[in-house]
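For reference, the structure is listed below as structure tokens.
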Amino acid sequence: YEGEFIKYEITATNTTEEDIDNVKIDATLPDGVTYGELVREDHEPYVESYYDFEKQLQPIELGTIKAGKNTTTYFEVKVNDLAEGETQKQITTNIKAFVGESVSNEKEITHQVEKAEYKAVLSSNIYKTDEFKYCLKITGDANVEVPVKIKIPYCLDFCSLSKNFGMIAR
């Protein structure tokens with residue numbers, strides 16, 4: 001759906017009996033998505049403020065993969081809102097694996113993007129008083145019930161539910 005994140009997880013496996021040097025992954029992103037470089041690792045669920053959307057996706061250098069071994073990397077994109085009047089469209093991402101300057105493998109991945117019934121955006125702030133404040137904004141065209149499930153980490157106490165809800169570190 002529009003507004004969601006797509007995580008591309010890529011595993012490169014060396015099936016030969018010799019080490020392979022200078023391995024890298026590159027992707028061509030389609031119109032309709034925006035690359036977001038993660039600036040915080042604790043990102044469950046995906047929170048927009050944890051990403052830098054100003055950067056461009058660069059080739060991912062994997063270096064040397066030992067014989068019979070593999071390595072995994074990933075990158076994430078956010079699906080842009082559909083244009084006025086659009087209800088769905090397809091987006092295709094092209095991912096290439098290189099050894100040196102030669103393409104060793106290539107994969108196209110297509111996603112069907114649909115108009116979202118509602119959008120939920122979670123933003124967070126941390127204050128000097130060890131208080132975390134989260135704001136959940138839900139918008140949509142339809143009058144739908146939206147279930148909200150809040151998982152509170154063990155180290156936090158829930159303190160209020162109003163326009164903003166807060167948690168205090170124990």
Side-chain angles (χ1 to χ4, degrees), residues 1-15 20 22-63 65 70-126 132-151 153 163-165:
Y1 290 99
E2 60 183 357
E4 290 188 324
F5 285 83
I6 299 172
K7 181 176 182 176
Y8 293 94
E9 187 172 284
I10 301 130
T11 300
T13 303
N14 180 352
T15 58
I20 298 177
N22 199 16
V23 178
K24 68 180 173 183
I25 304 294
D26 201 2
T28 304
L29 300 179
D31 290 337
V33 299
T34 302
Y35 170 70
E37 186 168 306
L38 189 62
V39 292
R40 286 186 56 176
E41 289 297 326
D42 55 340
H43 67 304
E44 191 69 41
Y46 295 99
V47 178
E48 286 192 36
S49 61
Y50 292 3
Y51 293 85
D52 180 351
F53 291 105
E54 298 299 317
K55 295 192 176 181
Q56 299 297 312
L57 179 61
Q58 300 295 317
I60 302 168
E61 303 286 342
L62 300 178
I65 301 178
N70 64 42
T71 187
T72 300
T73 189
Y74 71 93
F75 65 91
E76 294 166 306
V77 298
K78 182 175 181 240
V79 178
N80 299 338
D81 289 346
L82 294 174
E84 189 68 36
E86 281 186 311
T87 57
Q88 63 181 8
K89 74 175 182 180
Q90 285 191 337
I91 56 172
T92 301
T93 302
N94 183 281
I95 300 174
K96 293 180 183 177
F98 290 84
V99 174
E101 298 301 316
S102 301
V103 176
S104 65
N105 201 340
E106 186 172 359
K107 178 85 173 167
E108 279 192 351
I109 301 172
T110 300
H111 294 277
Q112 181 73 22
V113 177
E114 297 181 6
K115 190 116 183 111
E117 284 185 48
Y118 61 87
K119 295 177 192 165
V121 177
L122 182 65
S123 58
S124 64
N125 293 306
I126 301 174
F132 297 73
K133 286 202 177 182
Y134 295 88
C135 179
L136 178 63
K137 180 180 177 183
I138 300 174
T139 57
D141 296 333
N143 186 14
V144 295
E145 286 190 26
V146 179
V148 176
K149 183 178 180 180
I150 302 171
K151 290 172 79 175
K163 285 186 177 181
N164 295 314
F165 60 92

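It should be emphasised that the depicted structure is a prediction, and the values quoted were computed from it without experimental measurement.
Considering all non-hydrogen atoms of both residues, Leu29 and Tyr35 come closest at CD1-CB, 3.7 Å. Nearest approach of Lys24 to Pro59, heavy atoms of both residues: CD-CB, 4.2 Å. Taking every heavy atom of both residues into account, Ile91 and Asp31 meet most closely at CG2-O, 3.6 Å.
With sequence neighbours excluded, no residue forms a side-chain hydrogen bond (donor to acceptor under 3.5 Å, both in side chains) with Thr15. In terms of the side-chain contact (heavy atoms from CB on, under 4.5 Å) criterion, residue partners of Thr92 (sequence neighbours excluded) are, by chain and number, Glu108, Thr110.
Within the model, atoms CD of Glu76 and CG of Leu57 stand 11.5 Å from one another, a figure rounded to the nearest 0.5 Å. Rounding to the nearest 0.5 angstrom, the gap separating the CD1 atom in Ile95 from the CG atom in Asn105 is 10.5 Å. Distance check, rounded to the nearest 0.5 Å: CD of Glu4 to CD1 of Ile6 gives 8.0 Å. The OG1 atom of Thr34 sits 3.5 Å away from the CG atom of Asn80 when rounded to the nearest 0.5 Å. Taken to the nearest 0.5 Å, the NZ atom of Lys115 stands 9.0 Å off from the OG1 atom of Thr87. The line from CD of Glu114 to CG of Leu82 is 9.0 Å long, rounded to the nearest 0.5 Å.
Within the structure, ring pair (Phe, Tyr, Trp, His ring centres under 6.0 Å) pairs that include any residue of residues 90-116 comprise Tyr8-His111 (at least two apart or interchain).
Counting only heavy atoms from C-beta outward, the side chains of Tyr74 and Ile60 never approach each other to under 4.5 Å. Looking only at side-chain heavy atoms (C-beta outward), Glu2 and Gln88 stay at 4.5 Å or farther from each other.
Counted within 6.0 Å of CD on Glu101, heavy atoms from surrounding residues, nucleotides or ligands total 12 or fewer; the atom is thus considered open.
For the side-chain contact (heavy atoms from CB on, under 4.5 Å) with Glu61, the lone residue among Val23, Asn22, Thr73, Ile25 that qualifies is Asn22.
With hydrogens and angles disregarded, a donor-acceptor distance shorter than 3.5 Å links the side chain of Ser104 to the backbone of Ala97.
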